[in-house]
Amino acid sequence: MEKMVTPPTPAFWRGKRVLVTGHTGFKGGWLTLWLHTLGARITALALPPQTTPSLFELARVAAVCESHFLDIREAQAVAERIRAARPEIVLHLAAQPLVRASYRDPVETFASNVMGTAHVLEALRGLDGVRVAVMITTDKVYHNKEWPHPYRETDRLGGHDPYSASKAAAEVVIACYRDAFLTAQGVAVASARAGNVIGGGDWSADRLIPDAVRAWEAGRVLEVRRPQATRPWQHVLEPLAGYLSLAEHLWAHPEAASAYNFGPLPHEAATVRTVIEQARVFFGRGEAAYGDGRDGPHEAGLLALDVAKAQTVLGFTPRWSLEQTLQRTLGWYRALSEGTAARDLCEADLAAYSAGGPP
């Protein structure tokens with residue numbers, strides 16, 4: 001049976017004032033493009049693009065929103081811009097998003113991910129008109145015991161590496177602002193914890209599919225550090241659909257504000273080796289050399305999410321299988337290299353996802 005999910009509702013989003021942070025990043029760029037197709041009025045805040053190339057530039061994301069470059073670590077600038085935008089809905093994605101980068105600069109990671117989140121929430125205090133804030137964290141917020149069962153939203157938070165720890169700390173900040181300030185103000189604040197996302201347009205360092213595409217396009221062998229690491233892989237549109245569905249639900253049911261997991265069904269978590277072997281097929285070429293997992297800093301070996309809450313409360317179920325996700329993702333990069341415009345590729349993915357059929 002085909003997996004189905006209720007797509008975001010254009011009638012709901014049309015004309016809504018929406019603030020997106022992190023629109024120059026991979027997920028934020030996709031989300032901004034999607035909100036544009038839904039008819040939202042978007043104000044977006046972020047640092048300039050951190051990769052070359054970037055989805056933000058290739059897909060002309062700035063053309064579909066009121067785009068501002070600023071640093072969420074700067075509290076006054078964040079407050080002034082958010083208050084000027086007067087959003088009804090906030091989708092906060094801006095962050096330092098990489099585990100290995102967090103080892104190189106832990107203080108910057110904590111400043112962006114913890115205090116940056118606090119600055120966005122503080123800007124909402126006393127702001128008229130705001131109804132919903134969906135704050136994006138990560139599946140890595142859990143104190144990972146490498147156990148085989150998936151993590152639920154009520155499991156203990158923690159983090160071995162600075163990235164995971166900073167996101168776990170951000171969860172505490174989010175819950176504090178919800179309970180101490182924003183619920184009484186009429187703002188429904190939820191956190192969203194998503195698994196590993198893949199899709200066209202990601203050129204971040206130290207991420208599996210971007211690393212693979214860079215290596216294979218250059219004719220190099222991909223070096224894989226931890227082939228047996230297991231993750232909840234999903235197409236980028238899956239969690240974004242979840243975030244949008246959550247925002248819609250909170251608008252009508254603010255009492256549902258809490259933490260939500262978004263990811264593939266637990267049995268669909270896959271190893272790095274499985275992902276790469278399938279990716280090679282869909283890319284049409286490429287070699288990989290597999291390490292023994294001992295190189296580099298500590299990273300979790302096994303991680304899966306329980307998504308029953310999102311299924312039960314939101315009616316949200318993942319749509320694309322891992323095979324479909326990889327087919328769509330590698331096809332995106334291949335088509336881009338052959339001359340298809342990035343915006344056209346994104347719009348095709350959005351149409352295919354919204355239509356409910358296979359890629």
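Scope of the values below: all heavy atoms of this structure, side chains included, with no hydrogens, waters or symmetry mates. Each residue takes its place number in the sequence, starting with 1.
- With Thr37 contributing its side chain and Trp34 its backbone, the two residues share a donor-acceptor pair below 3.5 Å.
- Distance alone, capped at 3.5 Å, places no donor-acceptor pair between the Thr274 side chain and the Ala270 backbone.
- For Phe110, there are no ring-ring contact (aromatic ring centres under 6.0 Å, His included) partners at least two apart in sequence or on another chain.
- Using a 4.5 Å cut-off on side-chain heavy atoms (C-beta onward), Val64 and Thr32 make contact.
- Here Val107 is tied to no hydrophobic group at all, with no ILVMFWY side chain closer than 4.5 Å.
- With rounding to the nearest 0.5 angstrom, the CE atom of Met115 is 13.0 Å from the OG atom of Ser166.
- With side-chain heavy atoms closer than 4.5 Å counting as contact, directly or through intermediates, Val281 stands alone and belongs to no larger hydrophobic cluster.
- Thr183 places no side-chain N or O within 3.5 Å of a backbone atom of Asp179 that could act as its donor or acceptor partner.
- Atom-to-atom distance recorded for Asp139:CG and Phe262:CZ is 13.0 Å, nearest 0.5 angstrom.
- Atom OG1 of Thr154 and atom CZ of Arg156 lie 14.0 Å apart (nearest 0.5 Å).
- Taking a cutoff of 4.0 Å between a charged side-chain nitrogen and a carboxylate oxygen, Asp211 and Arg214 qualify as a salt bridge.
- In Gln76, the CD atom is not crowded: 12 or fewer heavy atoms of neighbouring residues, nucleotides or ligands sit closer than 6.0 Å.
- At a threshold of 4.5 Å between side-chain heavy atoms, the hydrophobic network of Ile, Leu, Val, Met, Phe, Trp and Tyr places Val78 and Val134 in two separate groups.
- The shortest heavy-atom contact between Leu303 and Pro232 is O-CD, 3.2 Å.
- In this model, no donor atom of one side chain and acceptor atom of the other lie less than 3.5 Å apart for Gln228 and Thr271.
- Proximity of a side-chain donor or acceptor of Arg231 to a complementary backbone N or O of Val197 within less than 3.5 Å is not detected.
- Applying the salt bridge (charged side-chain N to carboxylate O under 4.0 Å, His left out) test to residues at least two apart or on different chains, the pairs with a partner in residues 183-194 are Glu171-Arg193.
- Of the possible polar contacts, one joining the Ser321 side chain to the Gln324 backbone as a donor-acceptor pair under 3.5 Å is found.
- By the ring-ring contact (aromatic ring centres under 6.0 Å, His included) test, Tyr151 is found to be paired with Tyr142, Trp147, residues two or more places apart in sequence or in another chain being considered.
- When atom types are taken as modelled, the side chain of Glu122 and the backbone of Ala79 share no donor-acceptor pair closer than 3.5 angstrom.
- No donor-acceptor pair closer than 3.5 Å links the side chain of Asn113 to the backbone N or O of Ala95.
- One distance of note links NE2 of His235 with CG of Leu322; it measures 11.5 Å at 0.5 Å rounding.
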Review item, side-chain donor-acceptor pairs of residues 199-210, under 3.5 Å, at least two apart:
{"residue": "Asp202", "atom": "OD1", "partner": "Ser204", "partner atom": "N", "Å": "3.0"}
{"residue": "Asp202", "atom": "OD1", "partner": "Ser204", "partner atom": "OG", "Å": "2.9"}
{"residue": "Asp202", "atom": "OD1", "partner": "Arg207", "partner atom": "NH1", "Å": "3.4"}
{"residue": "Asp202", "atom": "OD2", "partner": "Arg207", "partner atom": "NH1", "Å": "3.2"}
{"residue": "Ser204", "atom": "OG", "partner": "Arg207", "partner atom": "NH1", "Å": "3.1"}

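- A donor-acceptor pair is defined here as one N or O able to donate and one able to accept, closer than 3.5 Å; no such pair exists between the side chain of Glu57 and the backbone of Ala59.
- By the side chain to side chain contact (heavy atoms under 4.5 Å, CB included) test, Ala169 pairs with Val114, sequence neighbours left out.
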Using the rule given for side chain to side chain donor-acceptor pair (under 3.5 Å), can you reason through Glu248 versus Thr9, listing the C-alpha separation, both sets of side-chain angles and the distance that settles it, and then say yes or no? CA-CA 8 Å; Glu248 289 187 33; Thr9 309; 2.9 Å; yes
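- Partners of His92 according to the side chain to side chain donor-acceptor pair (under 3.5 Å) rule, which considers only residues two or more places apart in sequence or in another chain, are Thr21, Thr117.
- Separation of atoms CG (Leu345) and CZ (Arg343) is listed at 12.0 Å; rounding is to 0.5 Å.
- Contact record, Glu323 with Gln278: CA-OE1, 3.6 Å, taken as the closest heavy-atom pair.
- For Gln185, the side chain to side chain contact (heavy atoms under 4.5 Å, CB included) partners are Arg125, Val130, Leu182, Val187, not counting sequence neighbours.
- When all heavy atoms are compared, the tightest approach of Leu246 to Ala190 is CD2-CB, 3.9 Å.
- Ionic pairing of Arg280 and Glu287 is present here: one or more N-O contacts between side-chain nitrogen and carboxylate oxygen are shorter than 4.0 angstrom.
- A heavy-atom distance below 4.5 Å is found between the side chains of Leu330 and Val213.
- Taking all atoms of both residues into account, the shortest heavy-atom contact from Glu238 to Pro318 is OE1-CA, 3.5 Å.
- With values rounded to the nearest 0.5 angstrom, His68 atom NE2 is found 4.0 Å from Arg81 atom CZ.
- For the pair Leu31 and Leu240, the tightest heavy-atom approach, listed with the atom from each and the gap, is N-CD1, 3.6 Å.
- Seen from the ring of Tyr163, Lys167 does not count as a face-on cation partner, given the 6.0 Å and 45° thresholds.
- Placement of Tyr177 and Leu93 in two distinct hydrophobic clusters is found when ILVMFWY residues are connected by side-chain heavy-atom separations under 4.5 Å, directly or transitively.
- Between the Ser164 side chain and the His160 main chain, no donor and acceptor come within less than 3.5 Å of each other.
- Residues Phe12 and Leu38 fail the side-chain proximity criterion, which asks for heavy atoms closer than 4.5 Å.
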Please set out all donor-acceptor pairs under 3.5 angstrom arising from side-chain atoms of residues 41-52, sequence neighbours excluded.
{"residue": "Gln50", "atom": "NE2", "partner": "Pro48", "partner atom": "O", "Å": "2.6"}
{"residue": "Thr51", "atom": "OG1", "partner": "Pro53", "partner atom": "O", "Å": "2.7"}

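- By the ring-ring contact (aromatic ring centres under 6.0 Å, His included) test, His253 pairs with His249, sequence neighbours left out.
- Linking Ile, Leu, Val, Met, Phe, Trp and Tyr whenever their side-chain heavy atoms come within less than 4.5 Å puts Phe282 and Val272 in one cluster.
- Under the ring-ring contact (aromatic ring centres under 6.0 Å, His included) criterion, Phe283 pairs with Trp216, sequence neighbours left out.
- Looking only at distances, no side-chain donor or acceptor of Ser245 sits under 3.5 Å from a matching main-chain atom of Gly242.
- In terms of heavy atoms, Leu19 sits closest to Pro87 at CB-CB, 3.7 Å.
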